[in-house]
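What follows is a set of notes on a single structure, which appears directly below.
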Amino acid sequence: MSNAPSERPAELVFAVIISVFSVVAFWQAYEISGFSSSHSAGVFPMLAAGTMVLSSFIILCKTATSSVPSHRTIEELRLFFRQVLPFRQFAILVLMAAYLFSMPWLGFIVSSGLFLLISFSYLWGKGILATLSVTAASLASIYFIFRVVFQVVLPQGEWFRGLF
Amino acid sequence: MDILSNFAMSWMDPWLLSLTALGTLAGIYVGAIPGLSVTMATSILISFTFKWPVNEALALIAGVFVGGVYGGSRTAILLNIPGAPSAIATALEGYPMAKRGEAGEAIGLTTVMSVMGGFIGILALALFAPVISDFAILFQSRDYLLLGLIGILLVGTLSGESFAKGVFSGALGVLIGMVGLDPMTAEGRFTFGSIDLMGGIPYVAAMIGFFGVAEALVQLHQLDLKAVKQKIDRIIPRFRDIKRYFWLAIRTSGIGTIIGALPGTGGDIAALLAYDHAKRSTKNPEVPFGKGAKEGLVAPETANNAAVGGAFIPMLTLGIPGDAVTAVIIGALFIHGLKPGPLMLVETPHLFWFTVGNLTLANIFLLIFGLTGIKVFTKIVECPKAILIPLIIVLSAVGTYAIQNNPVHIYWMLLFGVVGYFMKVYGFQVGPVILGVILGPMMDTNYRRTMIAARGDLGSFLWNLVSHPITLVLTLSLILMILSQTPLKRWVMDYLAKRKEVR
């Protein structure tokens with residue numbers, strides 16, 4: 001997805017965020033070894049972060065001069081949640097975060113199973129039987145490829161240790 | 001006669017023949033899964049072969065290597081998720097083709113061109129191995145630095161709508177590549193005292209996050225769009241296409257072979273350089289670049305497969321790995337009691353021609369397996385997005401975890417996925433990020449080696465960049481690229497024009 005530049009809500013906010021991030025990154029890069037020598041460990045990180053600072057400022061200036069100032073903050077926020085982060089994206093992001101952070105406790109199989117089941121039923125909207133069978137089939141094939149064939153030790157989880 | 005019998009050994013022996021075939025098939029499908037890299041597949045499969053006779057082990061390994069490098073292109077074309085870093089450029093042109101329903105044609109062309117690139121790499125291995133290895137050993141750290149700088153300028157090609165955004169993405173990638181303990185002094189860089197950060201951020205986690213998860217989130221916007229029905233009646237490419245791209249393929253195969261033969265640089269850098277070459281040398285593409293130009297598909301795929309043959313050159317002749325996979329293979333050869341390097345060609349000369357024969361055979365199998373089984377693969381794209389997207393997320397998680405069995409990498413992948421999503425929404429390309437992550441550490445180490453060799457003196461450092469013929473050629477190419485790739489030339493021209501007007 002790539003909207004035309006003028007149609008991107010909150011683009012200026014994003015440009016500010018990356019500029020601040022770049023400045024912080026440069027400060028952290030300077031902290032590594034400062035300007036102590038021309039071949040110290042911090043030279044390249046400073047070069048990279050410096051480039052980020054420079055380019056993000058250019059992006060910031062360009063965005064500030066070209067963005068459409070007609071929207072009020074409320075309108076901009078409404079557009080942001082409609083075009084950039086609609087409820088569907090937000091819901092999947094939350095689900096994804098819950099999935100990945102629950103993995104150390106539930107283990108790979110249980111957490112992936114739950115994630116697939118919930119997201120299939122939310123996005124796909126078919127009957128429970130169809131959703132369940134697609135979940136089971138996907139999980140079985142992933143388990144077979146990674147665990148059986150490639151012998152990747154999948155996270156077992158604190159609560160179900162020794163079960164899978 | 002000896003050469004011929006060694007070359008044809010695995011062609012005549014049904015067991016070796018089937019092992020090569022099996023390796024190629026396994027390589028294609030493993031390479032297609034993001035997170036399961038060729039390096040990983042090779043290391044796992046090699047562990048099975050430790051008790052086998054050396055010929056059988058080599059037959060399987062050659063197949064896996066050739067198939068794996070090609071396999072990355074499949075998911076790149078169908079899902080916009082490169083199966084391996086060497087398929088990043090393939091995704092740029094292949095995915096737009098799949099969006100138009102031309103995935104079958106894209107895969108067919110990719111297969112034929114990969115095989116062609118593979119053959120050229122092998123031919124170079126067979127004919128010029130000693131010459132190329134002599135040339136490659138002349139490369140010093142300053143040359144690698146220049147090579148890295150030339151590579152990073154590709155951001156100009158990959159930046160999309162705004163050059164500044166491309167530069168920002170590339171620099172962000174370099175910064176991500178710097179995280180961890182400094183390889184030369186063991187000082188922590190951006191580690192904030194955390195042990196998890198000291199090992200660095202694996203670029204596969206960044207790659208899967210920026211391409212896999214970010215793409216999945218972008219795709220959610222088009223959930224209700226009907227999946228594009230893929231035309232798979234035209235898998236074997238048109239003769240017209242092969243004729244049209246023949247010379248480009250020859251040139252990019254050459255790039256692939258040479259980059260592959262340089263120690264430490266493999267198919268990923270070769271593919272990006274070749275893509276850039278195609279973009280600059282093609283004046284009137286049928287379809288613009290970034291929208292599904294076949295030139296942009298042919299170039300990286302010929303180059304990364306030619307790099308396979310190239311990577312074997314320093315390995316067999318000098319005992320220096322050309323890339324990560326050949327490093328694993330060298331380890332395996334040691335376990336089998338062989339000494340890769342100049343002595344190997346004297347003590348076990350048959351292995352050289354046996355390997356050349358094996359790689360040739362693996363390429364033939366690649367053609368067969370590459371052009372068949374596409375139906376099953378294209379079904380992936382026709383699968384409803386509501387099923388595909390959660391599956392991509394789970395595959396991304398398990399793929400990232402599989403690299404080092406470290407759950408922390410999964411969180412990195414998630415973070416990169418979210419950052420990548422917002423970057424994509426606001427018109428940043430994620431390709432330059434990965435370019436930076438791959439090239440950053442290489443440039444850093446080589447810059448510092450060169451600087452140390454110059455005793456920290458800037459004058460001697462700059463003199464070093466022009467004092468040797470190879471370095472001079474690379475420096476001149478870099479200057480030319482800076483002029484052609486960045487808006488610098490335009491700024492200078494505008495400035496001169498303005499001054500003229502004032503007068």
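Note that the coordinates shown come from a computational prediction; the quantities given were computed from them, not determined experimentally. In what follows, chains are A, B, ... by sequence order, proteins preceding strands, each numbered from 1.
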Discussion item. Given 3.5 Å as the limit, does a donor-acceptor pair link the side chain of Tyr30(A) with the main chain of Ala25(A), or not?
Written reply: no
Discussion item. I'd like to verify something: which residue of Pro45(A), Ala15(A), Ser119(A), Gly42(A) has the highest number of heavy-atom pairs under 4.5 Å with chain B?
Written reply: Pro45(A)
Worksheet entry | Other residues, nucleotides, ligands: >12 heavy atoms within 6.0 Å of Ile128(A) CD1 | yes
Discussion item. Need one label for Met52(A): side chain, backbone, both or neither, based on atoms under 4.5 Å from any heavy atom in chain B.
Written reply: both
Worksheet item: For Val179(B), is it the side chain, the backbone, both or neither that has a heavy atom under 4.5 Å from a heavy atom of chain A?
Response: neither
Worksheet entry | Part of Phe422(B) within contact of chain A (heavy atom distance under 4.5 Å) | both
Fill in: Region of Tyr411(B) in contact with chain A, defined by heavy-atom distances below 4.5 Å
side chain
Worksheet entry | Side chain, backbone, both or neither of Tyr401(B) within contact of chain A (heavy atoms, under 4.5 Å) | side chain
Worksheet entry | Winner by heavy-atom pair count (cut-off under 4.5 Å) against chain A, out of Val394(B), Asp182(B), Val174(B) | Val394(B)
Discussion item. Can you tell me which of Ile389(B), Ile452(B), Val213(B) forms the most heavy-atom pairs within a distance under 4.5 Å of chain A?
Written reply: Ile452(B)
Fill in: salt bridge (Lys or Arg N to Asp or Glu O under 4.0 Å) against Arg82(A), all qualifying residues, sequence neighbours excluded
none
Worksheet, complete the sentence: Greatest number of non-hydrogen atom pairs under 4.5 angstrom with chain B, of Ala49(A), Ala10(A), Ser111(A), falls to Ala10(A)
Discussion item. Tell me whether the rings of Tyr99(A) and Phe115(A) are parallel (<30°), tilted (30 to 60°) or perpendicular (>60°).
Written reply: parallel
Worksheet item: So, Glu187(B) and Arg448(B), do they make that salt bridge, N to O below 4.0 Å?
Response: no
Worksheet entry | Proximal component of Pro155(A), with respect to chain B [non-hydrogen, under 4.5 Å] | both
Item to complete: Answer yes when Asp444(B) and Arg189(B) have at least one side-chain N-carboxylate O distance shorter than 4.0 Å, and no when they do not.
Response: yes
Worksheet, complete the sentence: Whatever's closer than 4.5 Å to a heavy atom in chain B on Val53(A) counts as neither
Response to the item:
Pair count under 4.5 Å, heavy atoms only, with chain B: among Leu100(A), Ile118(A), Leu116(A), Ile58(A), highest is Leu100(A)
Fill in: Residues that Ser169(B) engages under side-chain hydrogen bond (donor to acceptor under 3.5 Å, both in side chains), provided they are two or more places apart
none
Worksheet item: Which residues in residues 32-40 of chain A have any heavy atom lying under 4.5 Å from a heavy atom of chain B?
Response: Ile32(A), Ser33(A), Ser38(A), His39(A), Ser40(A)
List the atom pairs, donor and acceptor, that lie under 3.5 Å between side-chain atoms in residues 87-97 of chain A and the rest of the protein, sequence neighbours left out.
| residue | atom | partner | partner atom | Å |
| --- | --- | --- | --- | --- |
| Arg88(A) | NH1 | Leu220(B) | O | 2.8 |
| Arg88(A) | NH2 | Asp224(B) | OD2 | 3.3 |
| Gln89(A) | NE2 | Leu217(B) | O | 3.0 |
| Gln89(A) | NE2 | His221(B) | NE2 | 3.2 |

Worksheet item: Does any heavy atom of chain B fall under 4.5 Å from the side chain of Tyr122(A), the backbone, both, or neither of them?
Response: neither
Fill in: Segment of Phe192(B) engaging chain A (4.5 angstrom heavy-atom cut-off)
side chain
Worksheet entry | Whether Lys165(B) side chain and Ser55(A) backbone form a donor-acceptor pair below 3.5 Å | no
Worksheet entry | Minimal non-hydrogen separation, Ala214(B) against Tyr421(B), with atom names | CB-N, 3.6 Å
Worksheet item: Can you find a heavy atom in the side chain of Val84(A) that is under 4.5 Å from one in the side chain of Tyr426(B)?
Response: yes
Worksheet item: Taking atom CZ of Phe101(A) as the centre, does the number of heavy atoms from other residues, nucleotides or ligands within less than 6.0 Å exceed 12?
Response: yes
Discussion item. Are the side chains of Gln429(B) and Lys424(B) in contact, using a 4.5 Å heavy-atom criterion?
Written reply: no
